[in-house]
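Notes follow once the structure below has been shown.
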Number of protein chains: 2
Amino acid sequence: MSDTVSRVTIHQVAAAAGVSVATASKALNERGRMTPETRQRVQEVARNLSFRPNAMARALVHQRSFTLGLLTNDTYGRFTLPVAAGLSAAMADRGVSVFLCAIEDDPQRAWLNLEAMEDKRVDGLVIAGKRVDRGLPITLPALSMPVVHVNAECPEGGVGFVPDDEGGAYLATAHLARLGCRRIAHITGPESFAAVHLRVAGWRRALEEAGLPAPGGALFGEWSERFGYETGQRLFSAGAERPDAVFCGNDQIARGLIDALTLLNLRVPEDVAVVGFDNWELFAQAARPPLTTVDMELKGLGREAGLTLLDMIDGKPVERGVRRQPCRLVTRRSCGGP
Amino acid sequence: MSDTVSRVTIHQVAAAAGVSVATASKALNERGRMTPETRQRVQEVARNLSFRPNAMARALVHQRSFTLGLLTNDTYGRFTLPVAAGLSAAMADRGVSVFLCAIEDDPQRAWLNLEAMEDKRVDGLVIAGKRVDRGLPITLPALSMPVVHVNAECPEGGVGFVPDDEGGAYLATAHLARLGCRRIAHITGPESFAAVHLRVAGWRRALEEAGLPAPGGALFGEWSERFGYETGQRLFSAGAERPDAVFCGNDQIARGLIDALTLLNLRVPEDVAVVGFDNWELFAQAARPPLTTVDMELKGLGREAGLTLLDMIDGKPVERGVRRQPCRLVTRRSCGGP
DNA sequence: CTCGATTGAGAAAAGGTTTTCCCAAATCTG
DNA sequence: CAGATTTGGGAAAACCTTTTCTCAATCGAG
């Protein structure tokens with residue numbers, strides 16, 4: 001029983017139950033008509049033989065493989081793994097499995113994987129990237145299956161899922177304003193990122209709504225602790241009109257900023273409140289004090305993308321265009337409040 | 001041509017080429033005997049129709065799906081994503097695709113995915129974890145397919161792949177000794193990790209070989225920047241016999257340590273040389289100076305695991321037990337030298 | 001008691017390939 | 001030129017399910 005090499009087929013079940021394979025199939029799938037006794041007998045026999053239908057034979061007749069492809073160029077993993085986990089989990093619950101295709105920004109590898117997915121007859125494709133304003137290194141050929149894009153550039157007429165960067169930034173800034181902060185600065189990444197501009201927009205919107213100034217505009221730089229640290233030193237050693245809060249473009253910048261503030265003997269959150277972006281636990285939890293930050297709900301993004309893809313596969317009408325999934329503010333101690 | 005819904009089959013190719021499906025199949029697979037003209041004609045027709053054989057139909061007759069399952073509980077992604085990328089890439093080159101199953105330490109989810117993999121008739125299974133001394137939350141039932149374990153506890157008689165922690169630590173320490181360091185400390189993670197003990201062992205072996213002392217033994221704590229920072233302050237503010245080098249159990253600790261040293265006006269690497277472990281680019285590159293560190297070659301681990309699994313599937317004899325794949329020292333500026 | 005309707009269950013086709021024979025025609029051997 | 005061998009190519013089974021018919025037996029009604 002342990003080293004079963006050849007698997008039990010529905011023929012064996014049928015034989016053991018003394019019925020035809022047709023009847024066996026119908027019994028197991030709750031289809032067709034037969035006496036309850038027959039149905040039960042077949043089901044019990046199947047259970048005893050621990051029969052599991054061959055998904056490929058099944059796929060062949062259903063013209064549907066219950067299989068998806070996930071193409072990603074994010075080897076770094078910060079974005080894709082949560083997305084993949086969310087996708088995989090939601091799909092597993094529906095009997096759908098996900099092929100992982102890691103294409104390292106290599107068009108040839110992308111092509112190879114794309115062909116493999118076609119050959120394996122996946123029902124649909126998820127294209128996941130690391131930047132909403134960049135596509136993957138593939139010009140998708142006329143594919144014979146539906147496609148959704150996650151956290152990547154979405155071509156005209158396609159279906160895309162991205163975090164609502166603007167909304168997330170608004171959430172963070174409005175939270176600071178509500179806590180009584182009056183001069184809320186924004187330190188963020190390079191201007192070349194679309195996400196940077198969206199977050200700036202959210203920051204501005206919240207400031208306007210609260211009737212607050214945007215002191216000196218946003219400070220652009222890079223996504224590193226170092227940039228947060230250096231900018232913090234510059235911003236807070238110049239006496240005068242110092243911010244009483246900073247909304248940072250990501251958690252690393254926030255981490256660096258907090259280091260700088262600590263060095264300058266400024267207390268977080270009493271003297272300066274800080275909010276980050278990403279909820280990258282590694283940074284957010286390790287910061288002292290632990291970081292209030294914006295979670296992009298990447299797992300949810302993966303889940304929604306998968307569910308929508310299933311709808312498309314089922315032929316349900318699906319609205320084209322990019323959906324911005326709401327972010328969630330995770331409050332920890334770096335900005336005071338409850 | 002763009003919205004092709006139903007795909008072209010070998011029957012259509014055969015018809016178009018004026019041969020039987022048997023001949024068509026043989027022509028395309030370089031099998032059987034026929035005139036070169038016939039073969040070429042079939043191949044050309046197939047190309048023109050952009051025929052691609054249905055992998056599932058194929059799998060059905062070959063009793064082989066050219067498909068693998070990757071079960072992981074590492075949602076965090078630090079370890080599994082590189083492993084998965086290496087695995088996926090190596091397999092793609094061989095026409096094998098990989099199902100990703102993210103089971104979040106949830107036995108029920110594990111079971112669900114395991115059944116899905118059985119149903120989909122994967123040829124083999126890769127079980128990947130985040131700690132070499134922990135298994136996944138599944139007691140593998142008598143599986144009908146070969147299994148390899150990566151970066152996870154490997155059951156008696158199984159086949160496993162882990163980084164050679166001891167060797168990596170030796171590499172790092174020996175490098176410091178070769179550069180002339182005489183008092184090489186070791187700051188690392190919790191004693192509950194097997195990897196911690198292995199790295200301590202490598203550190204000790206290198207010290208012994210170089211005839212150096214192990215000042216005060218290894219310093220155990222946690223895998224955080226904070227621990228590196230605090231231990232650095234403690235270790236280096238006490239005057240007297242200060243180390244002239246530190247081998248850190250991971251890059252985060254090293255990063256924290258460097259922060260502490262900088263604050264104490266100790267120069268890296270002139271006053272204290274530092275080596276990390278993980279080569280997590282995010283930390284290693286961002287550190288100032290950039291960190292010399294040990295790379296566990298996780299992609300290679302994934303690749304080797306996959307290739308060995310393929311051997312097992314092919315019925316080739318494969319030695320049981322755990323293989324320790326060598327690490328690689330990545331030299332940057334934090335320990336001087338060339 | 002007969003005719004039509006219902007019921008339970010099986011035969012066979014379909015889904016797309018590969019592979020094992022098998023056969024007729026062409027080629028070679030003596 | 002008769003017989004043996006090679007050659008090119010096809011028919012059909014196999015892989016495992018599902019689904020659509022079909023059919024005999026049973027049932028109810030008149």
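A note on names: the letters A, B, ... follow the listed sequences, proteins ahead of strands, and every chain is numbered from 1.
Note: B/Arg323 CZ to B/His149 NE2 = 12.0 Å, rounded to the nearest 0.5 Å. Annotation: the span from A/Asp123 atom CG to A/Ile313 atom CD1 amounts to 5.0 Å, rounded to 0.5 Å. Between B/Met56 atom CE and A/Ser65 atom OG the span is 5.5 Å, to the nearest 0.5 Å. Here the straight-line distance linking atom CD of A/Glu297 with atom CZ of A/Arg303 works out to 9.0 Å at 0.5 Å rounding. Put simply, CG on A/Asn73 and CZ on A/Phe79 are 11.5 Å apart, with the number rounded to the nearest 0.5 Å. The structure places CE of A/Met117 at 9.5 Å from CG of A/Leu112, a figure rounded to the nearest 0.5 Å.
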Could I get a table of every N or O pair under 3.5 Å where one atom is in the protein and the other is in nucleotides 5-9 of chain C?
{"unit_1": "C/dA9", "atom_1": "OP1", "unit_2": "A/Thr38", "atom_2": "OG1", "d": "3.0"}
{"unit_1": "C/dA9", "atom_1": "OP2", "unit_2": "A/Thr35", "atom_2": "N", "d": "3.2"}
{"unit_1": "C/dA9", "atom_1": "OP2", "unit_2": "A/Thr38", "atom_2": "OG1", "d": "3.1"}

Taking only nitrogen or oxygen atoms into account, show me every contact under 3.5 Å that the protein makes with nucleotides 15-17 of chain D, one pair per line with its distance.
{"unit_1": "D/dT17", "atom_1": "OP1", "unit_2": "A/Asn54", "atom_2": "N", "d": "3.1"}
{"unit_1": "D/dT17", "atom_1": "OP2", "unit_2": "A/Ile10", "atom_2": "N", "d": "2.6"}

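The closest side-chain heavy-atom distance from A/Val98 to B/Phe99 is not below 4.5 Å.
At whole-Å resolution of the value, CZ in B/Arg31 and P in C/dT17 are 16 Å apart. Taking atom CD of residue A/Glu30 and atom P of nucleotide D/dT18, one finds them 13 Å apart after rounding to whole Å. Taking atom CZ of B/Arg64 as the reference point, atom C1' of C/dT18 lies 15 Å away to the nearest angstrom.
For B/Glu30, the CD atom counts as densely surrounded, since its 6.0 Å shell holds more than 12 non-hydrogen atoms of other residues, nucleotides or ligands.
Close to D/dT19, at under 4.0 Å from its OP1 or OP2, lies a side-chain N or O of A/His62.
Using a cutoff of 4.0 Å between basic side-chain nitrogens and carboxylate oxygens, A/Asp93 and B/Arg109 are scored as salt-bridged.
Inter-axis angle, ends of the helix from C/dC1-D/dG30 to C/dG30-D/dC1, five pairs per end, rounded to 10 degrees: 50°.
Because its NZ or CZ atom is not both nearer than 6.0 Å to the ring centre of A/Phe51 and within 45° of the ring axis, A/Arg47 does not count as a cation-pi partner of that residue.
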